[in-house]
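In what follows, a single structure is set out as structure tokens and then discussed.
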Protein chains: 2
Amino acid sequence: MTNIRDLAKMAGVSVTTVSRVLNNHPYVSEEKRNTVLAAIKESNYQPNINAIHLSMGKTFLVGVVVPFIDHPYFALLIKGMAMEALENNYKLVLFQSNYEEARELDALQMLKQKQIDALIICSRICGWSTIEEFTRYGSIVLCEDTRGKNVSSTYVDHYKTFIFALQYLYQKGHRKIGYSIGRKSGSNSKFRGKAFKDFVKDYLLPHEPAYIFEDCLYFEDGERVITQIQKMADPPTALLITSDEVAAGIVTCAQQQNISIPSDLAIIGFNNQPIAKMMNITTIEIPLVEMGRKLFLQGIAESQVIYQEIPVTLIERNTV
Amino acid sequence: MTNIRDLAKMAGVSVTTVSRVLNNHPYVSEEKRNTVLAAIKESNYQPNINAIHLSMGKTFLVGVVVPFIDHPYFALLIKGMAMEALENNYKLVLFQSNYEEARELDALQMLKQKQIDALIICSRICGWSTIEEFTRYGSIVLCEDTRGKNVSSTYVDHYKTFIFALQYLYQKGHRKIGYSIGRKSGSNSKFRGKAFKDFVKDYLLPHEPAYIFEDCLYFEDGERVITQIQKMADPPTALLITSDEVAAGIVTCAQQQNISIPSDLAIIGFNNQPIAKMMNITTIEIPLVEMGRKLFLQGIAESQVIYQEIPVTLIERNTV
DNA sequence: TTGTACGCGTTATCAG
DNA sequence: CTGATAACGCGTACAA
């Protein structure tokens, strides 16, 4: 592997001059520049990027923590980040945490060790204090409402959104409403849970724990929801389903079980994934790819803490 | 940021000694070791990993090229790689190529520049000669049949598999058989195309171009397949669908259009994704997560070229 | 058992 | 315009 010093020798100039032409810096005569360029061609020179990183104290690497990539929600966020990373000449380092705290700490460590310039955490299990402790080592960005906290974020106001969706169902005449979530302990889920509680209280509806379905992430989880509902003496008439994948599973399974949608059961999905369009599912659009882009840009921005709320849109189709 | 030299000064020893305790090397007295350890604690020392990489000529980073992450096929491969990377203390660098050659070259460049130790290309658009040119800069692994070539791979013999599936349909009485693929130009697709051609020739069946559906990647693409079939005067009676997602879309859409499956149209999906189980789709299981693991291990292995064929299994359910 | 000195490849500073 | 030379932080022959 030929290095910058070899080039200097070949071209009969100093390493400084070589570095100058390499980085398109001014103050180098056309003549010498050409000699160096020739040497570069001839030697098939490739800069060692680790040396550059060491010298610059920067890696152009951004870490991304997701519990798993094989879910449209995270896949779409990453897709957006990858697009933006590309345009800004950064690369993405993937951390699949599987919601193990040790994995999240790994990522945080890499930030501390300067192997990545920034870290984007899409979903976390670790406590807030842990995050806070690492903020001084580099840029950390979260995908949840961090208002009032010392960390930038791009987020959806899930409280507001849930209230809005619940009111919509209420107006359509529904009084027995339930919802599904991915996992109950997440930050976003907590906002949703609180919204639900507040809503049923305000509208004098019963708070029926059986109407809340946890661990609903994939298409096939829809089957479980339908199964459970069929066992109920007094089933819900409408459901907020926080992933279109799951909503699609519910609709599919309902058809098989001769449950009529929306007359027996109304469904509102989330994200407006393509599958929702094809299956005519009423859904709340969340621009995940766009969110991914913004998360990334916040990560590489030098600026101060910013909270970026993303607006959502109700897409009315045939399941309500 | 305190470095190894500061520690040496603090502990009153040399940098070598510090380095020794840092890396658990022998030949350092318990006494000095403790002094150093104390200094590390006190100073909140963190090694700069870029310096280590420069010094060692290794990064513990492995690159992964996929056209897009938001597809179960690639997501599952990556999932497997991420799991294995975790166990081996490596990190994954994600390259979303979108099938643009320039993106693949970016990744290849990083290998050349030593920013990644190995590169796994799950699907490519670039020519074989391009790959070959970069093999000397580091370990490259492909997810396609590379037998006879100079690059390791973990692959499914899609020719064999397609012939097998076609024969199965033939035995079930089907004579008008078609198939769908993601993109026609891929290596895997070519093997499938060849298998199809050879099969219809051997079995004296007509080679009907309209029975071949391209660009079928997502659930919603199933709708297009059904639409096109309905327009045909002489539609196929059976379809090989190279992604369960698409198969599920076809089944769903067929229901809506009152096309009976399998009596009007038989379907064999691929991958055995959870959605196939839930919708009772006959499918060919491909252990994608397992393949991801093996791809990764081949990437970090020092050994010579290895071709690792992955066996597949037919899962008989209700769509044939 | 310990330490000196150099190499890794590049960028940045500063004197000419 | 040009070029020594000093960082950057760490690993490791080699010498003691």
Side-chain angles (χ1 to χ4, degrees), chain A residues 1-37 39-40 43-61 89 109-117 137-138, chain B residues 1-40 43-61 109-117 137-138:
Chain A
M1 279 289 103
T2 124
N3 64 25
I4 200 175
R5 228 170 330 252
D6 300 332
L7 288 180
K9 210 159 288 176
M10 289 171 68
V13 300
S14 74
V15 291
T16 313
T17 303
V18 175
S19 177
R20 284 212 180 89
V21 347
L22 245 22
N23 298 287
N24 284 319
H25 282 176
Y27 303 132
V28 40
S29 69
E30 204 52 35
E31 184 191 10
K32 297 217 173 196
R33 179 182 302 276
N34 287 133
T35 344
V36 173
L37 254 22
I40 291 175
S43 65
N44 209 335
Y45 165 79
Q46 275 308 124
N48 179 318
I49 215 150
N50 285 313
I52 299 181
H53 291 167
L54 174 59
S55 191
M56 311 242 291
K58 205 174 170 190
T59 63
F60 288 95
L61 251 32
N89 250 306
Q109 276 300 330
M110 275 188 66
L111 187 68
K112 198 172 179 180
Q113 299 185 30
K114 306 287 177 206
Q115 202 180 5
I116 52 179
D117 293 344
Y137 299 117
Chain B
M1 281 289 105
T2 124
N3 64 24
I4 201 177
R5 235 178 317 263
D6 299 335
L7 289 180
K9 210 158 286 176
M10 291 171 67
V13 300
S14 75
V15 290
T16 314
T17 303
V18 175
S19 177
R20 285 213 180 86
V21 350
L22 244 23
N23 299 287
N24 283 318
H25 282 179
Y27 302 131
V28 40
S29 69
E30 205 52 37
E31 183 191 12
K32 298 217 172 192
R33 180 183 301 276
N34 287 132
T35 345
V36 173
L37 253 23
I40 291 176
S43 64
N44 207 335
Y45 166 79
Q46 276 307 126
N48 180 318
I49 213 146
N50 285 314
I52 299 180
H53 290 166
L54 175 59
S55 189
M56 310 249 289
K58 205 175 169 190
T59 63
F60 287 94
L61 250 31
Q109 278 298 330
M110 275 186 68
L111 188 67
K112 196 171 180 180
Q113 297 182 156
K114 306 283 175 208
Q115 201 181 7
I116 52 179
D117 293 344
Y137 300 117

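Residue numbers begin at 1 in each chain, while the letters A, B, ... track the order of the sequences.
When rounded to the nearest whole Å, the span between OH of A:Y27 and P of C:dC14 equals 16 Å. Across the protein-nucleic acid pair, B:Q115 atom CD and C:dT10 atom P stand 13 Å apart, rounded to whole Å. A:H25 has its NE2 atom 11 Å from the P atom of C:dT13, to the nearest Å. Between B:K9 atom NZ and C:dT4 atom P the separation is 12 Å, expressed in whole Å. Separating the NE2 atom of B:H53 from the P atom of C:dT10 is a distance of 17 Å, rounded to the nearest angstrom. B:K114 has its NZ atom 10 Å from the P atom of C:dG9, to the nearest Å. Taking atom CZ on A:R5 and atom C1' on D:dA6, their separation rounds to 12 Å, with Å as the unit. B:Q113 places its CD atom 19 Å from the P atom of C:dC8, with the value rounded to the nearest Å.
Using a 4.0 Å heavy-atom cutoff across all strands shown, A:I4 reaches at least one base atom of the nucleic acid. Counting non-hydrogen atoms under 4.0 angstrom, B:S29 reaches the backbone sugars and phosphates but no base. Residue B:T17 is classed as a sugar-phosphate contact, given heavy-atom separations below 4.0 Å to backbone atoms only. Across all strands shown, A:P47 has heavy atoms under 4.0 Å from sugar-phosphate atoms exclusively, and none from any base. At a threshold of 4.0 angstrom between heavy atoms, the contacts of B:N23 are confined to the sugar-phosphate backbone, with no base atom among them. Residue B:V15 is in base contact, counting any heavy-atom pair closer than 4.0 Å across all strands shown.
Between A:H53 and the choices B:T59, B:L54, B:N50, the side chain to side chain contact (heavy atoms under 4.5 Å, CB included) rule is met once, by B:N50.
B:S19 places none of its side-chain heavy atoms less than 4.5 Å from the side chain of B:V15. Side chains of A:P47 and A:I52 form a contact here, defined as non-hydrogen atoms less than 4.5 Å apart. When side chains are defined from C-beta on, B:L22 counts as touching B:I4, because their heavy atoms get closer than 4.5 Å. Two residues are said to be in side-chain contact when any heavy atoms from C-beta on lie closer than 4.5 Å; A:V21 and A:I40 meet this criterion.
Considering only side-chain N and O atoms, A:Y45 lies under 4.0 angstrom from the phosphate OP1 or OP2 of C:dT10. Contact check, A:K32 against D:dG3: a side-chain N or O comes under 4.0 Å of OP1 or OP2. At the phosphate of D:dG11, OP1 or OP2 sits under 4.0 Å from a side-chain N or O atom of B:S19.
Across the interface with DNA chain D, nearest-nucleotide mapping of B:N3 and A:V28 shows A:V28 to be the residue nearer the 5′ end. Residue order along DNA chain C, read from the 5' end via each residue's closest nucleotide, puts B:S14 first among B:S14 and A:M56.
Nearest nucleotide to the side chain of A:L54, out of C:dG9, D:dG11, D:dC10: C:dG9. Among D:dC10, C:dG9, D:dG3, the nucleotide with an atom closest to any side-chain atom of A:S55 is C:dG9.
For the residue pair B:Q115 and B:Q109, no side-chain donor N or O sits within less than 3.5 Å of a side-chain acceptor on the partner.
In terms of polar N and O atoms assigned as donor or acceptor, the side chain of B:R20 comes within less than 3.5 Å of the base of C:dG3 in a complementary pairing.
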